[in-house]
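Some notes on the structure that comes next.
We're numbering straight along the sequence, starting at 1. In listed order, ligands and their atoms are each counted from 1.
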Amino acid sequence: MTEEWLAKTREYVKGRLTGEGSGHDWWHIVRVTKMAERLAREEGADSFISQMVALLHDLIDEKIVGDEEKGVKEIEDWMASIKVPQALQEKISTLVRQISYKGGHASQEFLCLEAMVVQDADRLDALGAIGIARVMAYSGNKGRVIHDPNVVARQQMTLEEYRSTRGTAIAHFYEKLLLLKDTMHTKTGKKLAKERHAFLETYLHQFFEEWEGRA
Ligand code: ADP
Ligand code: NI
C-alpha cells in the first residue's frame, strides 16, 4: 500500500512542480526525497512518512501556492483522494507544516524524527555543489548580480558586515547557506552538512581569488 501511495504522490507532485522557476522545481523534490529515504534508513525513522513529507513539503510554500493554508488543504485533499488513512494524513500534514522554513523556527525543539530527517534533507539541498547551482539559478531568476564589491566589499569583512548586505548571490552564502550547518538535527545530516559546508568555503575562496585576478 505505501509503495502505491508514494508512486501516486510522486506523479502528483511532479505535475504540480514541473517548470517551477524559484528553486522549488521537481528535481529538488526528487533529491530531497532520496536524501530523506537515506537519512530515515540511517537514523531509524519511518521511511514512508519521511518520503511522503519530503514529496509534499514545498506544496504549502506561499511562493508556490500563494497561501500556506490553501496548500495544506490541497495536500490533505490529495491524500484523502488516494485513500491514505486519516491518522496518517494528519501526521504527514502536521509534519509538512512543521518543516516549512518559517514554521520551523517556532517549533525546533519539538520536531519528531521524521520531521528532522526531512528538514535536514531539505537544508542539505541548499549546500554543496547543488546548493551553489540553486543560489545562482535563483539569483538569475530574480535579476540579481553574482557579486558586487561595492555592496559586499571584500572577503575580509566580518560575518556581521557581510550579513547586513543583501541582494547578491554571493551575499546569500553569508546570509543563509553558511549558517545551515549548525541547524542540522541528525548525525548523518550533520556529517554531510559539514562536508558540503567545507565545499562552499573552498568555492568562496577560489571565487575571491579569481575575482582579484590572483588565481
Ligand atoms: P527553502 O524552501 O529550502 O527554505 P528558499 O525558498 O528559501 O528555500 O530557497 C530556495 C533556493 O533558493 C535555496 O537553494 C536558496 O539557497 C535559494 N535562495 C533563496 N533565497 C535566495 C536569495 N535571496 N538569493 C539567492 N538564492 C536564494
Ligand atoms: Ni525544499
Side-chain angles (χ1 to χ4, degrees), residues 9-10 12-14 16-39 50-68 71-72 75 92-93 95-108 111 114-148 151-152 162-185 189 192-193 196-197 199-201 203-204 207:
T9 302
R10 237 175 256 126
Y12 168 68
V13 178
K14 186 176 179 183
R16 290 291 316 276
L17 293 182
T18 297
E20 217 283 328
S22 73
H24 295 90
D25 60 297
W26 165 241
W27 294 109
H28 164 66
I29 301 300
V30 173
R31 293 187 301 268
V32 173
T33 307
K34 194 176 286 178
M35 181 56 77
E37 189 183 9
R38 171 179 170 187
L39 295 181
S50 301
Q51 289 186 70
M52 281 295 280
V53 174
L55 283 169
L56 294 169
H57 85 274
D58 268 348
L59 291 189
I60 71 162
D61 193 298
E62 25 181 46
K63 289 189 230 70
I64 285 162
V65 78
D67 164 39
E68 192 171 305
V72 171
I75 66 171
I92 292 164
S93 154
L95 299 196
V96 169
R97 273 175 207 258
Q98 279 183 1
I99 66 119
S100 77
Y101 196 63
K102 282 173 277 75
H105 286 305
S107 51
Q108 284 304 309
L111 294 182
E114 287 74 22
M116 291 183 187
V117 155
V118 180
Q119 198 167 62
D120 278 6
D122 194 28
R123 289 178 176 170
L124 281 169
D125 208 52
L127 294 175
I130 300 269
I132 295 170
R134 289 179 79 210
V135 170
M136 296 307 167
Y138 182 103
S139 301
N141 183 270
K142 298 276 178 230
R144 292 183 179 157
V145 296
I146 298 169
H147 176 50
D148 181 348
V151 178
V152 180
Y162 237 134
R163 278 165 63 183
S164 67
T165 64
R166 289 186 195 275
T168 72
I170 290 297
H172 185 68
F173 282 68
Y174 296 88
E175 288 162 9
K176 178 175 170 187
L177 306 192
L178 294 171
L179 311 179
L180 291 176
K181 147 175 95 58
D182 294 328
T183 69
M184 304 298 289
H185 307 289
L192 293 171
R196 292 187 185 198
H197 182 96
F199 186 84
L200 294 185
E201 288 187 324
Y203 173 83
L204 285 170
F207 183 96

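- At a heavy-atom cutoff of 4.0 Å, ligand 1 is contacted by the side chain of R144 but not by its backbone.
- Two residues are said to be in side-chain contact when any heavy atoms from C-beta on lie closer than 4.5 Å; D25 and T18 fail this criterion.
- V72 and S93 get closest at one heavy-atom pair: CG1-OG, 3.9 Å.
- By the 30° and 60° cut-offs, the orientation of the rings of F173 relative to Y203 is parallel.
- Comparing E62, R134, H172 against atom 13 (C) of ligand 1, the shortest heavy-atom distance belongs to R134.
- Atom OD1 is the N/O/S atom of D122 found closest to the Ni ion (ligand 2).
- Qualifying side-chain hydrogen bond (donor to acceptor under 3.5 Å, both in side chains) partners for R144, counting only residues two or more places apart in sequence or in other chains: none.
- The side chain of K176, and not its backbone, has at least one atom closer than 4.0 Å to an atom of ligand 1 (non-hydrogen atoms only; side chain from C-beta on).
- None of L59, D125, L55, D122 except one satisfies the side-chain contact (heavy atoms from CB on, under 4.5 Å) rule with I29; the exception is L55.
- Using 4.0 Å as the threshold, G131 has no heavy atom nearer than that to any atom of ligand 1.
- Contact annotation: the side chain of Q51 approaches that of R10 to within less than 4.5 Å [non-hydrogen atoms, C-beta and beyond].
- For H57, the N, O or S atom closest to the Ni ion (ligand 2) goes by the atom name NE2.
- Shown in contact with V135 at under 4.0 Å from a heavy atom are these atoms of ligand 1, numbered in order with element: 16 (O), 25 (C), 26 (N).
- The proximity of D125 to ligand 1, defined as any non-hydrogen pair under 4.0 Å, does not occur for either the backbone or the side chain.
- Below 30°, between 30° and 60°, or above 60°: for H147 and F207 the angle between ring planes is above 60°, a perpendicular geometry.
- Listed by number with element, the atoms of ligand 1 under 4.0 Å from a non-hydrogen atom of L177 are 16 (O).
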